[in-house]
2 protein chains.
Amino acid sequence: MPKAQKMTVPSSKRAQLLKLDNQLCFALYALSNRITRLYQPLLAELGITYPQYLVLLVLWEHDARSVGELGRALDLDSGTLTPLLKRMESNGFVSRLRDADDERRVVVSLTTAGLKLREHALEIPGALACQIDLPLSELSALRIQLQHLRQTIE
Amino acid sequence: MPKAQKMTVPSSKRAQLLKLDNQLCFALYALSNRITRLYQPLLAELGITYPQYLVLLVLWEHDARSVGELGRALDLDSGTLTPLLKRMESNGFVSRLRDADDERRVVVSLTTAGLKLREHALEIPGALACQIDLPLSELSALRIQLQHLRQTIE
DNA sequence: TGCAATTAAATTGTGTGCAATATAAATTGC
DNA sequence: GCAATTTATATTGCACACAATTTAATTGCA
């Protein structure tokens, strides 16, 4: 046995790790982009984008959330959310109001139109599932793995 | 047995499917964003962004690729790649030259500086792995599942 | 009470993503 | 051979993402 050395990965191994096909990050990035593109035509019918759809998913579960609460739910910052929410407001799907109890906060609420969108949106998960040829049980297992991995990174 | 009806998912079930926590797409989106943020400080030291890093991964494996070949490798279109490659060119990491055999094509090649970056980049996969507290075997299995799912969507 | 530290959003600036369109070179059909 | 089609890249316009900074409101605590 050779004497113990500093723990390093040999450079041949490190070179393997730089290959695109070995990158978990790229597998995530490419699949995420692709799935967003799958949603796009369905969401365009509703007049919303994919990140806007995510905001609606949160609000349909709990209406009247602050920008910060939305940001924590979606892991997005105010630099992304503020202009996005302003677009949703000007399109008539949400209202943005200062919280009277804490004037720093802006509370985002569904309008009637925003609530109404939910009925049409109920068709979306099914329409998406049709385009993904994998058993639902596998998709669910994959989702849980991804959620778990994200938690370990926090 | 009730008479066969049109195959539809009951609306209570559809409502479940609209919850954020049940969305595979969001699990992908949020994890992909988060991992990109993990890379950002490491890549900033090299003077590149995450998508630029992906371009370099391709070129380090096969130098001198056309814009179209890069786009197929990374699943990105010319609207994304053209300005990104121009930034990489002006930062001195790649050259962009019309292919003499086919004047429609633009061949992207590594400069000396672009090739040199690879040495520093060899440290990156290891640095990332340290921030993700999961066995490499699991990460590898996850990557393969994601690659497979992307193929089924093509 | 008073004011420094913290918190919540907004703003600024840069860099993606992508649909739609434009431009130009190569290929195909006749 | 050459017009019509196809292919490769670029451009335009819009909507994210996010780091860094700014502004304003609240909290903590001496």
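Numbers restart at 1 for each chain; the letters A, B, ... are given by sequence-line order, proteins then strands. Excluded from the calculations below are hydrogen atoms, water molecules and symmetry mates; all remaining heavy atoms, backbone and side chain alike, are included.
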Between the side chain of A:W60 and the main-chain N/O of A:G114, is any donor-acceptor distance below 3.5 Å? yes

With sugar-phosphate meaning primed atoms plus P, OP1 and OP2, does B:D99 contact a base, only sugar-phosphate, or nothing at under 4.0 Å between heavy atoms? nothing

Separation of D:dA17 atom C1' from B:I35 atom CD1, nearest Å, is 16 Å

- What does B:L81 touch in the nucleic acid at a heavy-atom separation under 4.0 angstrom: a base, only the sugar-phosphate, or nothing? nothing

Between the CG atom in B:D21 and the CZ atom in A:R143, the distance rounded to the nearest 0.5 Å is 7.5 Å

When rounded to whole Å, the CD to C1' distance for the pair B:E89 and D:dA10 reads 14 Å

Closest of C:dA10, C:dG15, C:dG17 to the B:R87 side chain is C:dG15

Can you find a donor-acceptor N/O pair under 3.5 angstrom joining the side chain of B:S78 to the base of D:dA8? no

Between A:K86 and C:dT11, does any side-chain N or O lie under 4.0 Å from OP1 or OP2? yes

Between CG of A:L84 and P of D:dC18 the distance, given in whole Å, is 12 Å

Closest to the 5' end of DNA chain C, once A:Y29 and A:R72 are matched to their nearest nucleotides, is A:R72

Review point. So, are B:R37 and A:D77 salt-bridged, with charged N and O less than 4.0 Å apart?
Key: no

A:E103 atom CD is separated from C:dA9 atom P, nearest whole Å, by 12 Å

Of D:dA15, C:dA19, C:dT11, the nucleotide closest to the side chain of A:R37 is C:dA19

From CG of B:L85 across to C1' of C:dG15 the rounded distance in Å is 13 Å

* To do: Report the relative orientation of the aromatic rings in B:Y39 and B:Y53; use parallel for angles under 30°, tilted for 30 to 60°, perpendicular for over 60°.
  => tilted

Winner on side-chain proximity to B:R105, out of C:dC18, D:dA8, D:dA17, is D:dA8

Taken to the nearest whole Å, CZ/B:R34 to C1'/D:dC18 is 13 Å

Remember a base hit wins even if backbone is also touched, and classify B:T49 as base, sugar-phosphate or nothing at under 4.0 Å, heavy atoms.
sugar-phosphate

Scan B:G79 against the nucleic acid and name what it touches under 4.0 Å (heavy atoms): base, sugar-phosphate only, or nothing.
base

With distance as the sole test, does A:D63 use its side chain to make a donor-acceptor pair with the main-chain N or O of A:L110 at under 3.5 Å? yes

Q.
Once you apply a heavy-atom cut-off of 4.0 Å, does B:R96 come out as touching a base, just sugar-phosphate, or nothing?
A. sugar-phosphate

_Under 4.0 Å, heavy atoms only, any strand: does A:T36 hit a base, just the sugar-phosphate, or nothing?_
nothing

task: Pick base, sugar-phosphate or nothing for B:R98, based on heavy-atom distances below 4.0 Å to the nucleic acid.
output: sugar-phosphate

Item to complete: Determine, stepwise, if the pair B:H62 / B:E69 fulfils side-chain contact (heavy atoms from CB on, under 4.5 Å).
Response: CA-CA 11 Å; B:H62 329 275; B:E69 286 170 328; over 6 Å; no

* Heavy atoms under 4.0 Å, any strand shown: does B:D102 hit a base, just sugar-phosphate, or nothing? -> sugar-phosphate

5'-most contact on DNA chain C (nearest-nucleotide basis), B:P51 vs B:A100, goes to B:P51

Taking C:dA10, D:dA19, D:dA10 as options, the one with an atom nearest any side-chain atom of A:V106 is C:dA10

Check: Quick one: is B:T80 getting a side-chain N or O under 4.0 Å of the C:dG17 phosphate, OP1 or OP2?
Finding: no

Separation of D:dA15 atom C1' from A:Q52 atom CD, nearest Å, is 8 Å

A:R104 has its side chain closest, among D:dA19, C:dT6, C:dA19, to C:dT6

Among the nucleotides C:dC18, D:dC16, C:dT11, whichever has the atom closest to the side chain of B:D77 is C:dC18

A:R65 CZ to C:dA9 C1', in whole Å, measures 18 Å

Minimal heavy-atom distance between B:A73 and A:L20, with the atoms involved, is O-CD2, 3.9 Å

